Number of protein chains: 2
Amino acid sequence: MSQVVYGCLMSVDRDQVLRRAAAQLTRKGSSTMDEVARAARISRATLHRHFAGRDALIRALEELGIQECEAAMGAARLGEDSAQDALRRLIREIEPAAGLLAFLVTENQLFEGDAQHEGWARLDVRIAELFRRGQESGEFRIDLSAAWLTEALYGLVGSGAWAVLDGRVAAKDISYMIAELLIGGAQRRVES
Amino acid sequence: MSQVVYGCLMSVDRDQVLRRAAAQLTRKGSSTMDEVARAARISRATLHRHFAGRDALIRALEELGIQECEAAMGAARLGEDSAQDALRRLIREIEPAAGLLAFLVTENQLFEGDAQHEGWARLDVRIAELFRRGQESGEFRIDLSAAWLTEALYGLVGSGAWAVLDGRVAAKDISYMIAELLIGGAQRRVES
DNA sequence: ACCACTTGAGACATTTTCGTCTCAAGAGAG
DNA sequence: CTCTCTTGAGACGAAAATGTCTCAAGTGGT
């Protein structure tokens with residue numbers, strides 16, 4: 001046996017599968033289970049052995065995305081230094097998960113029926129808190145609400161991932177581009 | 001008879017149908033034709049009478065979105081005044097189409113197979129031109145490429161539409177929020 | 001060599017969605 | 001009223017996707 005997951009013997013690298021699935025679904029949100037399986041380089045049967053169905057796969061991706069975001073936020077030490085620098089760190093840390101994020105954001109569009117994962121709310125709160133800290137310290141302007149800045153962060157990270165996939169922006173530049181645009185827009189300026 | 005479209009007698013308001021369809025698809029990108037029809041308040045049969053199939057519907061929505069964008073760009077008079085003011089006008093004009101845009105952007109994700117509609121390229125060029133004009137006049141910073149600022153505009157407009165749908169930002173504020181964030185981020189600052 | 005376990009391939013029934021069709025009801029013009 | 005045209009409702013088969021199952025092959029440990 002090679003790996004034990006949830007008390008079940010498993011060999012394929014679950015994380016690897018999830019990542020490849022995320023990449024495929026980012027590229028084409030309506031991918032078939034068959035397409036996802038092929039992108040993950042496993043058979044459809046194996047894919048079903050790991051995830052009970054499409055819903056379970058999406059939920060696992062959601063879980064992964066939330067985990068990556070929380071890890072990024074931990075690594076970024078949002079409470080330290082200036083809000084500006086913390087935001088810069090957050091964007092740099094969150095960038096590897098940008099593709100997954102972009103997919104999840106579009107997938108989450110209006111969670112009709114069941115409630116959305118509480119994890120998203122937790123993330124929103126922490127990010128909004130960062131912006132609010134910047135507003136209270138005078139770094140950020142107060143006429144752009146923290147809620148909007150939070151949304152804008154998600155949007156720009158998603159756009160960035162998409163721009164990189166499309167080859168419109170170099171991967172090495174995207175983190176800087178996002179940070180500069182967001183910080184420049186959020187920053188309180190002394191000149192008119 | 002009430003309306004003549006493409007030499008065929010039609011009564012339902014095609015534009016209205018497209019708008020409702022766009023709203024539904026923005027809310028849930030994987031809506032079935034039945035859900036779209038119900039959202040458009042017509043029967044599935046009638047929906048099929050107007051659009052040969054799902055692809056035709058999407059393509060019609062794409063056409064509508066491009067038209068609205070071009071109309072918005074015309075109304076915004078991108079070449080006049082400062083680039084900043086032109087951008088502000090563009091955002092204000094494009095805002096009514098934001099929901100449709102948000103859907104089309106996600107739908108367009110990597111056009112595997114056939115080439116994307118040339119209209120998008122035309123729009124991109126015009127928007128990028130505006131940003132470039134701002135850069136050349138010294139209004140906008142040059143370390144954020146015009147291509148990225150264009151992507152960011154799409155992303156922020158989409159995020160804005162989504163934030164409004166979700167009730168996180170008031171509809172009356174969103175145009176200002178987008179413009180201020182984008183212009184503030186793009187603006188060249190004299191202070192450090 | 002033996003055994004436990006996992007994988008890929010494919011068959012299979014089921015479900016969902018699609019596209020087409022028919023027909024009765026209703027609206028509007030002449 | 002009468003005629004024409006459009007619509008909604010539903011039936012229908014075709015196509016696609018899903019979920020389940022079986023079985024041969026392969027892997028790795030003992």
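Protein chains get the first letters and strands the later ones, always in sequence-line order, with residue 1 at the start of each. Note that this is a predicted model, so its numbers are computed, not measured.
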Q) Over how many whole Å does the gap from A:Asp13 atom CG to C:dT7 atom P extend? A) 11 Å

(Q) So, using side-chain hydrogen bond (donor to acceptor under 3.5 Å, both in side chains) as the criterion, who are the partners of A:Arg77 when residues are at least two apart? (A) A:Glu80

Q | Between B:Ser137 and B:Glu139, a side-chain donor and acceptor under 3.5 Å | A | yes

(Q) Counting runs of three or more consecutive pairs, Watson-Crick or G-U wobble, with each distance below 3.5 Å, where are the stems of DNA chain C? (A) C:1-30 with D:1-30

Q: Sequence neighbours left out, what passes side-chain hydrogen bond (donor to acceptor under 3.5 Å, both in side chains) with A:Glu93? Give chain and number order.
A: none

(Q) If I take atom CZ in residue B:Arg38 and atom P in nucleotide D:dG8, what distance separates them, rounded to the nearest angstrom? (A) 13 Å

**Q.** side-chain contact (heavy atoms from CB on, under 4.5 Å) evaluation trace for A:Asp85 with A:Arg89
**A.** CA-CA 6 Å; A:Asp85 287 338; A:Arg89 286 195 299 270; 4.1 Å; yes

Q: Check the distance between D:dT7's C1' and B:Phe51's CZ and give it to me in whole angstrom.
A: 16 Å

(Q) When you measure from the side-chain N and O atoms of A:Ser43 to the phosphate of C:dT7, is any distance below 4.0 Å, counting only OP1 and OP2? (A) no

**Q.** Test side-chain hydrogen bond (donor to acceptor under 3.5 Å, both in side chains) applied to B:Arg38 - qualifying residues, sequence neighbours left out
**A.** B:Asp34

Q: For each nucleotide in nucleotides 10-26 of chain C, reading 5' to 3', give B when a protein heavy atom comes within less than 4.0 Å of its base, S when such contact involves only the sugar-phosphate, and - otherwise.
A: -B-----SBBB-B----

Q. What is the distance from CG of A:Leu57 to C1' of D:dG19, rounded to the nearest Å?
A. 14 Å

**Q.** Interatomic distance, A:Gln16 CD vs C:dT7 C1' [rounded to whole Å]
**A.** 17 Å

Q.
So which atom in B:Leu47 and which in B:Met33 form the shortest heavy-atom distance, rounded to 0.1 Å?
A. CD2-O, 3.5 Å

Q) So, the side chain of B:Thr106 versus the backbone of A:Thr106: is there a donor-acceptor pair under 3.5 Å, distance only? A) no

Acceptor/donor pairs from residues 176-184 of chain B side chains to any protein atom, 3.5 angstrom cut, sequence neighbours excluded:
residue: B:Tyr176; atom: OH; partner: A:Asp143; partner atom: OD2; Å: 2.5
residue: B:Glu180; atom: OE1; partner: A:Arg141; partner atom: NH1; Å: 3.3
residue: B:Glu180; atom: OE1; partner: A:Arg141; partner atom: NH2; Å: 2.7
residue: B:Glu180; atom: OE2; partner: B:Arg88; partner atom: NH1; Å: 2.6

